[in-house]
There are 2 protein chains.
Amino acid sequence: MNDPQKGPVFTDIVLEVFKLGGLLVSEGDHMGEEYGITSARWKVLGALSLAGKPQTVPQIARSMGLTRQAVQRLVDAMREDELLCFQNNPDHKRAKLICLSALGETVFSKLSEKQSGWAMECSTGITKAELETTLSVLKRISESFER
Amino acid sequence: MNDPQKGPVFTDIVLEVFKLGGLLVSEGDHMGEEYGITSARWKVLGALSLAGKPQTVPQIARSMGLTRQAVQRLVDAMREDELLCFQNNPDHKRAKLICLSALGETVFSKLSEKQSGWAMECSTGITKAELETTLSVLKRISESFER
DNA sequence: CTTGTTTTGACAACATGTTGACATAATGAG
DNA sequence: CTCATTATGTCAACATGTTGTCAAAACAAG
């Protein structure tokens with residue numbers, strides 16, 4: 001369990017995560033291209049859809065693990081593109097509620113369909129057990145940095 | 001093997017890779033802070049050290065999987081900071097050879113030491129077999145996008 | 001109610017990546 | 001050798017993230 005050879009393997013995983021992250025962003029950008037959407041915007045749609053109700057910018061930011069400033073910029077741009085709409089927040093004069101527009105919902109659901117087929121394709125040749133181990137390891141590593 | 005439940009697990013892995021990537025960059029930035037180095041610059045030092053001999057900017061870019069423009073900007077800034085030095089390339093008037101300065105080598109070796117201890121710490125609680133499965137899965141996914 | 005703290009939006013500066021465009025240097029085909 | 005192509009450095013615009021700062025709104029004590 002305390003095999004000193006674990007360090008180098010861990011290091012390789014780190015480098016692979018960097019590389020794969022870049023490749024996945026490109027894949028996401030490409031998938032969203034036909035809807036005029038990038039990976040970052042897709043994630044905002046996902047956060048809103050997951051929440052199931054309108055959210056403030058800081059709420060979205062916390063759920064995505066980004067700063068509120070980064071999310072604010074995305075949200076402002078996506079409102080320009082009619083993917084989102086703003087509602088007044090009865091509980092807070094400044095913090096507007098962000099919700100999916102009809103267009104936003106349509107785009108997100110089409111992307112979800114496309115993505116689920118893609119995910120199935122990508123996992124050919126990898127067993128479910130391997131995928132689950134991978135997810136579990138990545139989550140444990142993430143958690144170790146969050147505290 | 002063609003379990004339809006693999007898709008959702010794959011999707012979770014994708015999201016975890018995004019999240020972990022961000023966390024790892026922060027960790028790297030923090031580790032390099034005392035040497036005035038960021039994750040991106042660290043990777044340039046690593047590429048040069050791995051190559052074992054002076055490299056041109058496009059060579060470094062190809063080995064890192066980045067565009068030459070991105071690497072050029074890093075390299076120019078790192079030369080300002082005395083981490084790298086340029087040599088004339090006898091084979092090419094414009095494409096200068098980039099090499100580690102004495103400072104660059106020192107910083108990289110100190111960072112490597114620090115990083116290897118960190119990698120060992122991070123892998124406590126994870127078996128070597130789990131780490132190896134994870135690395136293998138990530139590599140297979142990466143490879144599927146490279147062609 | 002008043003006061004001190006936290007949350008939020010807005011703005012700016014920076015780091016790191018991308019793409020596109022341009023001129024020049026190197027190379028290869030004929 | 002000449003000419004078309006490729007490789008390189010440079011510059012600019014953009015996307016996405018960060019941090020820091022400021023003022024206004026919300027909130028929590030007292």
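Proteins come first, then strands; the chains are lettered A, B, ... in the order of their sequence lines, and each starts at number 1. No hydrogens, no waters, no symmetry mates; every other heavy atom, side chains included, goes into these values.
In this structure, CD of B/E27 is placed 16 Å from C1' of D/dT18, rounded to the nearest angstrom. If you measure from atom CG of A/L97 to atom P of D/dA25, you get 17 Å, rounded to the nearest angstrom. A straight line from CD of B/Q72 to P of D/dC11 spans 10 Å, rounded to a whole angstrom. In this structure, the CG atom of B/D29 is 13 Å from the C1' atom of C/dC14, given to the nearest Å. Between A/Q69 atom CD and C/dT8 atom P the separation is 12 Å, expressed in whole Å. Counting to the nearest Å, the C1' atom of C/dG9 and the CG atom of A/N89 are 13 Å from each other. Whole-Å rounding puts the B/I60 CD1 to D/dT8 C1' distance at 13 Å. Atom pair A/L74:CG and D/dT16:P shows a separation of 6 Å (rounding to whole Å applied).
Between A/R73 and A/K96, the residue anchored closer to the 5' end of DNA chain C is A/K96, taking for each the nucleotide with the nearest heavy atom. Comparing A/D91 and A/L66 against DNA chain D, the residue whose closest nucleotide sits nearer the 5' end is A/L66.
Contacts of B/A40 with the nucleic acid, taken as non-hydrogen atoms under 4.0 Å apart, involve only primed sugar atoms and P, OP1 or OP2. Using a 4.0 Å heavy-atom criterion, one finds that B/S39 contacts no nucleic acid atom at all. Counting any heavy atom pair closer than 4.0 Å across all strands shown, A/A95 reaches sugar-phosphate atoms only and no base atom. Note on A/V25: nothing from the nucleic acid sits closer than 4.0 angstrom, heavy atoms only.
Of the candidates D/dT8, D/dT16, C/dA26, the closest approach to any side-chain atom of B/K93 belongs to C/dA26. Comparing atom distances between the B/R62 side chain and each of C/dG9, D/dT8, D/dT10 picks out D/dT8 as nearest. Nearest nucleotide to the side chain of B/R68, out of C/dA21, C/dA10, C/dG17: C/dA21. The nucleotide whose nearest atom lies closest to any side-chain atom of A/R41 is, among C/dT16, D/dT16, D/dT18, D/dT16. Closest contact between the side chain of B/R94 and the listed nucleotides D/dG17, D/dG9, C/dT18 involves D/dG9. With D/dT10, D/dT19, C/dG17 as the choices, the nucleotide that has an atom nearest any side-chain atom of B/A70 turns out to be C/dG17.
The aromatic rings of A/W118 and B/F145 sit parallel, their planes meeting at an angle under 30°, below the 60° perpendicular limit.
Between the side chains of B/W42 and B/Q115, no donor N or O sits under 3.5 Å from an acceptor N or O.
For the residue pair A/A47 and A/S63, the shortest heavy atom distance occurs at CB-OG, 3.8 Å. Summarising the geometry of A/Q5 relative to A/V9, their closest heavy-atom pair is O-CG2, 3.5 Å, with the distance given to 0.1 Å.
Screening A/V107, A/V44, A/L48, A/T106 for a side-chain contact (heavy atoms from CB on, under 4.5 Å) with A/L100, the sole residue that qualifies is A/L48.
The side chain of B/S26 contributes no N or O atom lying less than 4.0 Å from OP1 or OP2 of D/dT18. Dashed line: the shortest gap from a side-chain N or O of A/T67 to OP1 or OP2 of D/dG17 is not under 4.0 Å.
In this structure, B/K110 places its NZ atom where only 12 or fewer heavy-atom neighbours from other residues, nucleotides or ligands lie under 6.0 Å away.
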